[in-house]
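Structure, as structure tokens:
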Amino acid sequence: MRVLVLGAGQLARMMSLAGAPLNIEVFAYDVTTGNVVHPLTQQVMLKGLNTAITYADVITAEFEHIPHDILDTCANSGKLLPSAQAIKAGGDRRLEKSLLDNAGVANARYQIIATRADLDQAISTVGLPLVLKSSLGGYDGKGQWRLRPGDDLEAIWDEITQCLDQTSNQAIVAEAFVPFDREVSLVGVRAKDGTIAVYPLAENIHTNGVLSLSTALTDNPELQQQAEGMFRALAESLNYVGVLAIEFFDVGGTLLVNEIAPRVHNSGHWTQQGAETCQFENHLRAVSGLPLGSTALLRHTAMINILGEDTLPKALLAEPHCHIHWYGKEKRTGRKMGHINVCANSQAELKDALASIANYLDPASFPALR
Ligand code: ATP
Ligand code: MG
Ligand code: MG
């Protein structure tokens, strides 16, 4: 089986690693260079998208911000999973919001705005504080503005106007600020025959807008059931095939969807060590038409993102139940360079393990652990 991944970053790399034991060959289309590369070595394997499409049995994606002409070309081959509709919804907050509404899944109140008059209307109908999000291209909290009572509306609108001018077909989703207790996410998978399997919810902590710590939750059957119901509604409404991640706000035990990611997700990396079958393998199984693997939790697990660092002390490898995954990327400030999965036999042991691992990391990147 040959799987072409649109995007050649760490998610394609980890799919490649997970596919090897199943004889699934993963290769990657680098959307920025137009090269078809090996996901581990980045060496050019094939010339051009069309050659890659012909060579592939299945085409999938590792990110949602893919030019629509490329998605449509892939969809026309009949090999793209999940569908172009699902991937487009993940990459455009307008489509995403209507998807959530149509599937009857709770999400923050919002209004789509494109003009100053629209913004005034959103302020009066949705109310302040508002979170303003560019509909296209946002990730890691980029392309967002907060508007609180008393803020300088003109200055913020100036910035937004620049963003609207930069990209054609751009708009802003003006969303009610949700006073959440915590953020959780559900990673699940739907097979071609409609079978669904979900992992335990993960609790997520962000540092400067970037995910820094994800911990698998072990004792929240009610929350898990809520999340699973919403997963089912969304995945079935899209006739989805593959791994789908849903980010939620937990407000007093009630979940509101923040956003979806039509792909394997950073908050599911812990499954590499903490679950019977990892998210990367399950995604490949789903899109290849194979039976899904068990998503059962094996042990208490958390994941720490390595942000902006490309080396760590060797002694870290001697920490018990500590698993380092580097992505082989060039170092840049704040960039996701790798992650560490930490396993333990109890929540208390996990907390201790995280505390001792934090000693090896740049405190600026990991205030979540302090
Ligand atoms: P990602 O890297 O997860 O794709 P993103 O750039 O797409 O992030 P969001 O997940 O929409 O952005 O928002 C980033 C963070 O901002 C959220 O994790 C949450 O902490 C906060 N946030 C977003 N929307 C709201 C809201 N309506 N109310 C309160 N906080 C919010
Ligand atoms: Mg996002
Ligand atoms: Mg998010």
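If you're wondering where the values come from, they're calculated on a predicted model, not measured in any experiment. Numbering of ligands and ligand atoms starts at 1, following listing order.
If you check each of G143, G138, G141 against atom 6 (O) of ligand 1, the one with the closest non-hydrogen atom is G141. The heavy atom nearest to atom 19 (C) of ligand 1, out of those in K142, R182, H65, E183, is found in E183. Looking at E64, E259, Q144 and measuring to atom 4 (O) of ligand 1, the nearest heavy atom belongs to E259.
Looking only at atom types and distance, the side chain of H206 has a donor-acceptor partner in the side chain of E183 under 3.5 Å away. In this model, no donor atom of one side chain and acceptor atom of the other lie less than 3.5 Å apart for S356 and N359. For the residue pair R190 / N239, a side-chain donor-acceptor distance below 3.5 Å is found, with atom types taken as modelled. Checked by atom type, the side-chain pair Q10/K336 shows no donor-acceptor distance below 3.5 Å. For the 3.5 Å distance criterion, the side chains of N305 and S212 fail to qualify, holding no donor opposite an acceptor. Judged purely by distance below 3.5 Å, without hydrogens or angles, the side chains of Y29 and N35 never pair a donor atom with an acceptor atom.
Considering backbone and side-chain atoms together, F177 places no N or O closer than 3.5 Å to any N or O of ligand 1. Looking at A176 next to ligand 1, an N or O pair under 3.5 Å apart turns up.
With a 4.0 Å heavy-atom cut-off, ligand 1 is reached by the side chain of R93 but not by its N, CA, C or O. Residue contacts with ligand 1 for V131 involve side-chain atoms from C-beta outward but no N, CA, C or O (heavy atoms, distance under 4.0 Å). Of the heavy atoms in N204, none comes closer than 4.0 Å to ligand 1.
Atoms of ligand 1 found under 4.0 Å from any heavy atom of D140, numbered from 1 in the order shown, are 1 (P), 2 (O), 5 (P), 6 (O), 8 (O). The ligand atoms of ligand 1 that sit less than 4.0 angstrom from a heavy atom of E175 are 24 (N), 25 (C), 26 (C), 27 (N). The contact set between ligand 1 and H206, taken as ligand atoms under 4.0 Å from a residue heavy atom, comprises 18 (O). Short contacts between ligand 1 and E247, defined as distances under 4.0 Å to a heavy atom of the residue, involve ligand atoms 3 (O), 10 (O). Below 4.0 Å from some heavy atom of F180 lie the following atoms of ligand 1, by number and element: 20 (O), 29 (C), 30 (N).
Checked against the 6.0 Å centroid criterion, the rings of Y55 and F27 qualify as a close aromatic pair.
Using cut-offs of 30° and 60° for the angle between ring planes, the H339 and H325 rings count as parallel.
Atom CG of L132 is separated from atom CZ of F177 by 12.5 Å, given to the nearest 0.5 angstrom. Here K88 contributes atom NZ and I66 contributes atom CD1; the two are 11.0 Å apart, rounded to the nearest 0.5 Å. The distance from the SG atom of C278 to the CH2 atom of W270 is 11.0 Å, given to the nearest 0.5 Å.
The closest approach between A261 and ligand 1 stays at or above 4.0 Å for every heavy atom of the residue. Assignment of R146 to the shell around ligand 1 is supported, since a heavy atom sits closer than 4.0 Å.
Put simply, the side chain of R285 gets close to the backbone of P291: a donor and an acceptor are under 3.5 Å apart. Looking only at distances, a side-chain donor or acceptor of E349 sits under 3.5 Å from a matching main-chain atom of N345. No side-chain donor-acceptor contact under 3.5 Å links Y240 to the backbone of S83.
The protein non-hydrogen atom at the shortest distance from atom 25 (C) of ligand 1 is F249 CZ, 3.4 Å. V178 N, 2.8 Å is the protein heavy atom nearest to atom 28 (N) of ligand 1. Counting protein heavy atoms only, atom 11 (O) of ligand 1 is closest to K133 NZ, 2.8 Å.
In this structure, K79 places its NZ atom where more than 12 heavy-atom neighbours from other residues, nucleotides or ligands lie under 6.0 Å away.
Annotation: protein N, O or S atoms under 2.8 Å of the Mg ion (ligand 2) (waters excluded) comprise E259 OE1, E259 OE2.
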